[in-house]
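What follows is one structure encoded as structure tokens, with my remarks underneath.
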Amino acid sequence: MARYVFITGGVVSSLGKGLASAALGALLQARGYSVRLRKLDPYLNVDPGTMSPFEHGEVFVTDDGAETDLDLGHYERFTGVAARKTDSVSSGRIYSDVLEKERRGDYLGKTIQVVPHVTDKIKEFIEIGDDEVDFMLCEIGGTVGDIEGLPFFEAIRQFGHQRPRGECIYMHLTLLPYLNASGELKTKPTQHSVKELQSIGIAPDILVCRSEHDIPEKEREKLALFCNVRPESVIAAYDLKSIYEAPLAYHKEGLDQAVLDAFGIAPAPKPDLSKWLDVADRVNNPDGQVKIAVVGKYTQLEDAYKSIAEALTHGGMRNRVKVKLEWVNAEIFEGEDDATSKLEGYQGILVPGGFGERGTEGKIKAAQFAREHNIPYLGICLGMQMAVIEAARNLAGIGDAGSEEFDHEAGKKRFTPVVYHLKEWLEGNRTIQRDADDDKGGTMRLGAYNAVLTDGSKVAEVYGSTAISERHRHRYEVDIKYRKELEAAGLSFSGMSPDGKLPEIVEIKDHPWYIGVQFHPELKSKPFEPHPLFADFVRAAVDQSRLV
Ligand code: GLN
């Protein structure tokens, strides 16, 4: 049976609960334990798949095809444990399961209530795979006191009570604001937030306090006394230059020790932090810098492309350079004058995934600029589709090439669809079918699919293999009907689905580095294991910087 750490937040949101959870997972692994991390989100969407990236940041996709919260990305990046469908749940999912059971008559005429029916469902979820790991870390989204979070807090309270003593602990993250006028850190908001938690029956064992200033001993003792935790269990979380210093920083503050103490595990196994020392060294001591432009639509909100930013950082770490990311709104390339000259100062151009027509003509121009100016180009999902449309228009002479996605939105046919709406494909041996009027939620080609790479192609060299598996999240697909024309024009289809029907990768041989992929390689990159495409894209960018 696993031991459980429940991670909650108070005072304000965005304190870095996900990161603290991920860092704790990494530290427990460093002490030889196996871990799994899980996120419980109080919102009513069934999953974040249908939410705009402006609302919720990136949607993180798992191998088994779930569209989940971006915190699962942190979990994977820090622990290397592949997240599963069962590691992310929302109120919406819980309620829809309960209501479905009710409609089926499974409750045998009973009145359905939040306690026990909803809370039981949450507890069932928490326990999935209980016998597989030493520690299960469950983060509750939002902050204590939120109305929609209450069933989750009630469920974790019951869970801790029903399990044998000493098998569940509660870790609470709060903020210590600093008042300039009096030059003091204030503990009152934390005290209130712990009271709120206690009022629903949860007494935190560990308090993690975000603070921009050193926490004096006196304040620690005060927090311990008023919040009923041990002084060594008041853990400071200071701002860091890089998130990848978090495991070392939390270790220095004694988080992992405090957690093991709270479980009564003594003597605690010694940690091996060598992996994280190397990661921190690579982040903090780069030999140079490259500038990469990410040309996208959701550029005002960095969280919208979280995994891409992290994967580029990892690529930089592999090459020992700092990757300076600049977010460029694709729409600036759509005006009268040719703004693409703005892209001249970059050593790499990345066009990420996206949905909808807005900004796509600008992305096509960015792809063209990269191709014509020999700048390394990485197109991801929509970014690959844009590269194909660009090549079709400007190399293969299909002047009105476009994607059915945009025709579909506009309700008329304006393009020759070199990218079409995928309605049928194979998942293993199973045929999946889709209709244009299907629900939007959960109906894309989602999760891990295999691809076969052409021997001798650039990508086969980058991967060091011709058989790969990568995560997908898309509804539209490059049409192989145009393969011959495009290949004759210089864009080769160097990665295909195993049945040879779906183009997975395109590349231009006669270019320093020009690759488009239909999948999302960024989702599998880790600081200690950078994804080969990102590592090599940054390497190519470093080569560019040497040219000038
Ligand atoms: N909108 C495109 C599609 O559905 C690309 C999706 C993506 O970039 N994730 O195919």
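Ligands are counted one by one from 1 in listed order, and the atoms in each one are counted from 1 as well.
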Item to complete: Please state whether the rings of W327 and Y305 are parallel, tilted or perpendicular, taking 30° and 60° as the class boundaries.
Response: parallel
Worksheet entry | Protein residue, atom and distance nearest to atom 10 (O) of ligand 1, heavy-atom basis | Y476 N, 2.8 Å
Fill in: atom 1 (N) of ligand 1 [closest protein heavy-atom partner, distance rounded to 0.1 Å]
E405 OE1, 2.8 Å
Worksheet item: Should the proximity of H474 to ligand 1, defined as any heavy atom under 4.0 Å, be assigned to the side chain, the backbone, both, or neither?
Response: both
Practice prompt. Considering only non-hydrogen protein atoms, determine which one is nearest to atom 7 (C) of ligand 1 and report residue, atom name and distance to 0.1 Å.
Written response: C381 SG, 2.9 Å
Fill in: side chain to side chain contact (heavy atoms under 4.5 Å, CB included) between H421 and R475, intermediate numbers included
CA-CA 6 Å; H421 191 172; R475 196 168 271 124; 3.4 Å; yes
Practice prompt. Mark the output for H520 as yes if a heavy-atom distance to ligand 1 is under 4.0 Å, and as no if none is.
Written response: yes
Item to complete: Kindly give the heavy-atom pair with the smallest separation between R318 and P530, and that separation in Å.
Response: NH2-CD, 3.3 Å
Item to complete: Report yes or no: does a heavy atom of Q385 sit under 4.0 Å from some atom of ligand 1?
Response: yes
Worksheet item: Quick check: does L382 get an N/O under 3.5 Å from an N/O on ligand 1?
Response: yes
Discussion item. Over 60° means perpendicular and under 30° means parallel, so tell me whether F415 and F406 are parallel, tilted or perpendicular.
Written reply: perpendicular
Worksheet item: Does atom NZ of K101 have more than 12 heavy-atom neighbours, drawn from other residues, nucleotides or ligands, at distances under 6.0 Å?
Response: yes
Discussion item. If the cut-off is 4.0 Å to any non-hydrogen atom of R475, which atoms of ligand 1 fall inside it?
Written reply: 3 (C), 4 (O), 10 (O)
Fill in: atom 5 (C) of ligand 1: nearest protein contact (heavy atom, Å)
G354 O, 3.3 Å
Practice prompt. Check the pair L19 / F78 against side chain to side chain contact (heavy atoms under 4.5 Å, CB included), numbers first and verdict last.
Written response: CA-CA 9 Å; L19 188 60; F78 278 77; 3.5 Å; yes
Worksheet item: Can you list the ligand 1 atoms lying under 4.0 Å from a non-hydrogen atom of R473?
Response: 6 (C), 7 (C), 9 (N)
Worksheet entry | salt_bridge(R445, E504) N-O dist < 4.0 Å | yes
